[in-house]
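Just below is one structure, and these are the notes that go with it.
The structure presented is a predicted model; accordingly, all values stated were derived computationally and were not measured. FYI, the numbering just counts along the sequence from 1. Only heavy atoms go into these numbers, but all of them, side chains included; no hydrogens, no water, no symmetry mates.
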Amino acid sequence: MVVKVYGPAYATPKRVLVCLIEKEVEFETVPVDLLKGEHKDPEYLKLQPFGTVPVTQDGDYILYESRAILRYYAEKYKSQGTDLLGKTVEERGLVENWLEVEAQSYHPPIYTLTVQILFSSKLGFPRDENLIKESEEKLAKVLDIYEERLSKSKYLGGDFFSLADLSHLPFTQYLVDQMGKEYMIRSRKHVSAWWDDISSRPSWQKVLQLYAAPFKN
């Protein structure tokens, strides 16, 4: 059964796509244009009642939270492709720890920056410069903690690439490219080396090549 992934142009579905490529899982994509409101269509809401992306459809099995999807496919196909979870309970614990850090500490400020800088004009509201400044300051504090962690460990979860690293790819790509805030990464030696490593993975490069962002640089 081929996995269907809805909304490949956007950041959170790209998390899922790079995971499936790393795990060597066959998939196909279904476009969903958020800017045209296609995520509010009744047929789409039958799949995702909250009206967001991504959604994965694997036969009759449907998931729609990106990190839950990552965990599911990394576990289901643990024996093939890249091991994204770790080989021991302790390794898995660290991967889960840093995946939660990404969700709870890294994602909120970088998501706010994304909406304010890249989508505000398309969504019809003015940029809030104070909120942008506040969010950048919050993100900088998180990146300082990452710098400390990555001075002792090649990747966030240990010495291997995992879901904890993978989950950072889409929004950090926005930060360094479309938002023009690459300095936030480059000013931190170990974060910079980590970003060069994970963003150069063939899986991520393939996602960027196949699925353009919903806006121009």
Side-chain angles (χ1 to χ4, degrees), residues 1-82 84-85 99 102-103 107-108 110-115 117-124 161-175 177-179 198-199 201-217:
M1 186 70 67
V2 177
V3 180
K4 289 184 179 179
V5 183
Y6 289 75
Y10 298 92
T12 47
K14 284 187 169 73
R15 269 195 196 110
V16 175
L17 296 175
V18 73
C19 175
L20 293 176
I21 293 170
E22 290 279 354
K23 296 306 297 179
E24 301 172 1
V25 176
E26 189 177 357
F27 64 88
E28 61 185 40
T29 58
V30 182
V32 179
D33 192 332
L34 303 187
L35 300 177
K36 291 181 179 178
E38 291 177 358
H39 57 305
K40 301 299 183 184
D41 289 349
E43 288 302 309
Y44 186 77
L45 291 173
K46 290 178 183 178
L47 297 173
Q48 215 306 18
F50 297 100
T52 60
V53 292
V55 171
T56 55
Q57 191 172 15
D58 194 348
D60 295 329
Y61 189 70
I62 294 169
L63 293 174
Y64 50 71
E65 288 293 337
S66 65
R67 295 174 192 84
I69 296 169
L70 299 185
R71 290 177 170 107
Y72 171 73
Y73 283 104
E75 186 66 53
K76 182 176 181 179
Y77 296 100
K78 190 170 175 61
S79 63
Q80 72 184 53
T82 307
L84 299 170
L85 296 171
L99 190 54
E102 183 274 323
H107 184 72
I110 202 170
Y111 178 77
T112 299
L113 289 171
T114 299
V115 172
I117 296 170
L118 300 181
F119 285 98
S120 58
S121 62
K122 296 173 178 61
L123 296 174
F161 177 77
S162 73
L163 293 183
D165 310 290
L166 180 154
S167 194
H168 289 79
L169 283 164
F171 283 94
T172 309
Q173 193 75 52
Y174 283 169
L175 185 78
D177 282 352
Q178 289 91 345
M179 282 192 248
I198 68 171
S199 64
R201 291 183 72 85
S203 57
W204 181 238
Q205 290 302 309
K206 183 175 181 180
V207 169
L208 292 179
Q209 180 183 356
L210 292 177
Y211 306 104
F215 42 74
K216 296 179 180 179
N217 286 347

Step-by-step side chain to side chain contact (heavy atoms under 4.5 Å, CB included) determination, Y6 to Q57: CA-CA 8 Å; Y6 289 75; Q57 191 172 15; 2.7 Å; yes
Go through the steps for M1 and Y61 under the test side chain to side chain contact (heavy atoms under 4.5 Å, CB included), then give the verdict. CA-CA 11 Å; M1 186 70 67; Y61 189 70; over 6 Å; no
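H168 NE2 to Q173 CD: the interatomic distance, rounded to the nearest 0.5 Å, is 14.0 Å. Taken from CG in L113 to CG in L118, the straight-line distance is 9.0 Å, to the nearest 0.5 Å. In this structure, CG on L169 lies 7.5 Å from OG on S203, to the nearest 0.5 angstrom. Rounding to the nearest 0.5 angstrom, the gap separating the CD1 atom in I110 from the OH atom in Y174 is 10.5 Å. Atom OG1 of residue T172 and atom NE2 of residue H107 lie 11.0 Å apart, to the nearest 0.5 angstrom. Rounded to the nearest 0.5 angstrom, L85 CG and L163 CG are separated by 5.0 Å.
F171 has its side chain out of reach of L175: every pair of non-hydrogen atoms, C-beta onward, lies at least 4.5 Å apart. Proximity of T52 to Y64: side-chain heavy atoms (C-beta onward) are nowhere separated by under 4.5 Å. Residues V55 and I69 are not in side-chain contact: their nearest non-hydrogen atoms beyond the backbone lie 4.5 Å or more apart.
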Scan the side chains in residues 8-21 for donor-acceptor partners under 3.5 Å anywhere in the protein, sequence neighbours excluded, and list what turns up.
| residue | atom | partner | partner atom | Å |
| --- | --- | --- | --- | --- |
| Y10 | OH | L34 | N | 3.0 |
| T12 | OG1 | V53 | O | 3.1 |
| K14 | NZ | P8 | O | 3.2 |
| K14 | NZ | A9 | O | 2.6 |
| K14 | NZ | Y211 | O | 3.2 |
| R15 | NE | S167 | O | 2.9 |
| R15 | NE | S167 | OG | 2.8 |
| R15 | NH1 | S66 | OG | 3.0 |
| R15 | NH2 | E102 | OE2 | 3.0 |

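Here the closest non-hydrogen pair linking L45 and K40 is CD1-O, 3.4 Å.
A distance-only check finds no donor-acceptor pair linking the side chain of E65 to the backbone of R67 [under 3.5 Å]. Listed for the T82 side chain is no donor-acceptor partner under 3.5 Å among the backbone atoms of L84. Here the side chain of E28 pairs no donor or acceptor atom with the backbone of V3 at under 3.5 angstrom. Remark: the backbone N or O of Q80 is not paired with any side-chain donor or acceptor of E24 at under 3.5 angstrom.
Side-chain atoms of D58 and Y72 form no donor-acceptor pair, as typed in the model, at a separation below 3.5 Å.
For K76, the NZ atom sits in a packed shell: over 12 heavy atoms of surrounding residues, nucleotides or ligands are nearer than 6.0 Å. The 12-atom threshold is not exceeded at OH of Y111, counting heavy atoms of other residues, nucleotides or ligands nearer than 6.0 Å.
Comment: E75 does not engage K78 in a salt bridge, judged by the lack of any side-chain N to carboxylate O separation of less than 4.0 angstrom.
Residue E22 is tested with F161, Y77, Y73 for a side-chain contact (heavy atoms from CB on, under 4.5 Å); the sole match is F161.
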